[in-house]
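Letters go in sequence order (proteins before strands), and every chain restarts at 1. Any value given below was found using the heavy atoms of this structure, including those in side chains, with hydrogens, waters and symmetry copies removed.
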Number of protein chains: 2
Amino acid sequence: MSKAPTVYDVAESAGVSIATVSRVLRTPEAVRPETRDRVLDAVSRLGYVPSGSARGLAERRTGVLGMYFPGFDAIDDVSALDVLANEVREPFTVVRGAGPRDDARASMLFQDEVLRGAELEAWRRGFVLMVGVGRGDPSASTVRDMAGRVDGLVVLASSIPDDALAWLSRRVPIVVLAGPRRGDRHDHVTVSNTEAMVELTRHVLAQTDGRPPAYLAGPADSPDGAQRWEGFRRAIEAAGLRIDEIDVRRGDFTRASGRRVGEELVAHGLPAALMSSNDQMALGALDAFASAGIRVPQDVIVTGFDGIDASALVSPPLTTVRQPMIELGRAAIQVLAHRLETPDAEPVSVRLPVEILLRESSLRAS
Amino acid sequence: MSKAPTVYDVAESAGVSIATVSRVLRTPEAVRPETRDRVLDAVSRLGYVPSGSARGLAERRTGVLGMYFPGFDAIDDVSALDVLANEVREPFTVVRGAGPRDDARASMLFQDEVLRGAELEAWRRGFVLMVGVGRGDPSASTVRDMAGRVDGLVVLASSIPDDALAWLSRRVPIVVLAGPRRGDRHDHVTVSNTEAMVELTRHVLAQTDGRPPAYLAGPADSPDGAQRWEGFRRAIEAAGLRIDEIDVRRGDFTRASGRRVGEELVAHGLPAALMSSNDQMALGALDAFASAGIRVPQDVIVTGFDGIDASALVSPPLTTVRQPMIELGRAAIQVLAHRLETPDAEPVSVRLPVEILLRESSLRAS
DNA sequence: TTGAAAGCGCTAACAC
DNA sequence: GTGTTAGCGCTTTCAA
């Protein structure tokens, strides 16, 4: 560790040239077996690990792919946490009645799974994965940093501004993940949010005998939210209903905001159904309804969107749409790998299918 | 992208030498403002992004830290999933009554959070993070590959054999995460599993008026499992009970195995309490008890370990021990960063506190 | 089958 | 304040 052995050390120790060491590692069959063994012996004797930097420089490829997420500032408690300070610390604390984790953390699960899929696919193709999280750095320095170290980059939609994207894509190929397509200059992977919402809305209308659901929207700037709303609107209009007569409420994707809207609805009159643009808010609405003694789905149907774990665990289980998160990650890397092989092919746009999970919260006639 | 601009291109375009370009990027204050502006102008005009490889080679540090996890083969569905094939694909499928995700996936949440913590701390310290997952490669080539590309490596306990660890640690500093300490050659970060289990067992004994709980152990080779058992044993003996008279059952950390053990207990006689070495198995036991009409905690107390989300959502909510997963990740990176600053300091062993969450499943007298 | 040598793109003395 | 230049550790022609 003090000074890691290099090809030169191995070469000297094995009595060969550095070229031969390199050959043994890269094209073993091109080296005479005895020589090869001498080299391999030296390699293991010295504990030689090739420098990725030197390799990357010489090969003009790093073997690394990057994945860049937008950050959740709410979660990033950037407090000091100095574990090396010698404060006295109790080995444990006792807490009574702690609930599940909070909203913000739950919404990160999405990213976690995408990341897993990406890592898996990267591994299959002989790459390693580098991850970065955006933390509101205007100069996008983290992602630029990454761009300099990888052969290609997957960027979650809306994690960086368009001009930064353009900049980076001069160095490495970029795949944009989720959200609507941004121009047609980059490869793009997304899910069938809109189509699924059309179908889900149809389902709800069938359950309510055509009475219009209320809609629980997310923040106005959410690309996913926009796609979901679009699907809702289409289905409503296709059913001959007027979109501007829909009771639309806006939340911020948190459970608390869903609860608040649920309470409003309880106070001002219940719709036949409440379709939420994500699960968290739907769960919040369920909370409010339960507190008010309102039965779901008998008194009001509720649906979510995302397919988080909690949606299956609440009572009644929540009808929702499950995003294929692992597959999203895999698909992104796949598209990236493809791009690396054929740099001049036209940009592609891949749309992955989703699963509509019909559960008790929307099934009036079981 | 076809050919990314280099320092030479920037230098030429700005009419300066490459050294000046480098200076502008690294020590801007050492360059006359006008020159600096010319260079920065060229940089943005050309869309210059420095090569991480070249930098890493010249600086003899990469600015990258690595995190290596053991893999879950069960999850790694390495099927082809070719998103670029032009098959006809439905935008969605409809599924009735799908439940929550499976065991394997749930147990990965642990790693996901550790990873988040690690990424956060790496970012705070100006590093980027590289992730790798072990997939039963005997030659440990993935992790060796990583070792060549990073300045330091965090390795989850038991993800690679000791001799591979020794090998890698000749190149980069290694921090071992979780599990018992492996020798005293590397830095080590863990949690107070044992102490927490002692305390939790005490709590259970208080609830059962001293009647001994049954114990639901995990796989024999789990380091975490061993630490938890050790805590249980200590508390049992401290209470004057004999450890060899405890009813010990073994599962494999899955919900299904917990259910099976729960059913056995129902059939052969219920203990006063069942202490499980993880949450999944405890949840399985709860399933079995619920099916048999057995009341928790009135008829039998149940406790878990880990603090997964589902533990708070089941009925009754499960008493458990929450691991500080984010902090684990942060601590590991922190120790690593510290090691990079002071390479010759003695190896440290950091132990993080846990939270014991007392919930309804173990609170007989509320 | 092996070795010599020319880069890969950058940093950091050192000289001016 | 800026330019010249010698590496950093590896891969890869090109010769031998």
Rounded to the Å, how far apart are A/Arg38 CZ and C/dG3 P? 8 Å
Check this for me: A/Glu346, atom CD, are more than 12 non-hydrogen atoms of other residues, nucleotides or ligands nearer than 6.0 Å? no
D/dC8 base to A/Tyr8 side chain: any donor-acceptor pair below 3.5 Å? no
Between the side chain of A/Arg38 and the main-chain N/O of A/Ala14, is any donor-acceptor distance below 3.5 Å? yes
How do B/Arg60 and B/Arg32 order along DNA chain D: which one's closest nucleotide is nearer the 5' end? B/Arg32
Distance check needed: D/dC10 C1' versus B/Asp145 CG, whole Å only. 14 Å
For a quick test of reading the model: is some side-chain N or O of B/Arg55 closer than 4.0 Å to OP1 or OP2 of C/dT11? yes
Kindly say if A/Arg23 contacts the phosphate of D/dT12, meaning a side-chain N or O under 4.0 Å from OP1 or OP2. no
Just how far, in rounded Å, is C1' of D/dT2 from CZ of B/Arg26? 18 Å
When the distance from CZ of B/Arg61 to P of D/dC8 is rounded to whole Å, what number comes out? 18 Å
Does A/Tyr48 place a side-chain N or O at less than 4.0 Å from the phosphate oxygens OP1/OP2 of D/dC10? yes
Figure out the CD/P separation between A/Glu29 and C/dT2, and round it to whole Å. 13 Å
Could you state the atom-to-atom distance from NZ of B/Lys3 to P of C/dG9 in whole Å? 10 Å
Inspect the surroundings of CD in A/Glu59 and state if more than 12 heavy atoms from other residues, nucleotides or ligands are less than 6.0 Å away. yes
For the side chain of B/Asp187 and the backbone of B/Val348, is there at least one donor-acceptor N/O pair under 3.5 Å apart? yes
Can a side chain N or O of A/Ser22 be found less than 4.0 Å away from OP1 or OP2 on D/dT11? yes
Is A/Thr35 near enough to C/dT1 that one of its side-chain N or O atoms lies under 4.0 angstrom from OP1 or OP2? no
Counting only side-chain heavy atoms from C-beta out, which of D/dG9, C/dC10, C/dG3 sits nearest to B/Ala58? C/dC10
Between A/Thr20 and C/dG3, does any side-chain N or O lie under 4.0 Å from OP1 or OP2? yes
Does A/Arg339 reach the main-chain N or O of A/Pro343 with its side chain, forming a donor-acceptor pair under 3.5 Å? yes
Given DNA chain C, 5'-ward residue of the pair A/Ile18 and B/Thr6, judged by closest heavy atom: A/Ile18
What is the separation between atom CG on A/Leu25 and atom P on D/dC10, rounded to the nearest whole Å? 9 Å
Give the rounded distance in Å between these two atoms: CD of B/Glu12 and P of D/dT2. 19 Å
Hey, does the side chain of A/Ser51 come within less than 4.0 Å of D/dG9's phosphate (OP1/OP2), counting only N and O? no
Give one of base, sugar-phosphate or nothing for B/Val16, where a contact means two heavy atoms less than 4.0 Å apart. sugar-phosphate
Answer yes or no: does atom CZ of A/Arg45 have more than 12 heavy-atom neighbours from other residues, nucleotides or ligands under 6.0 Å? yes
Out of D/dC10, C/dG9, C/dG3, whichever nucleotide has its closest atom nearest the side chain of A/Leu57: C/dG9
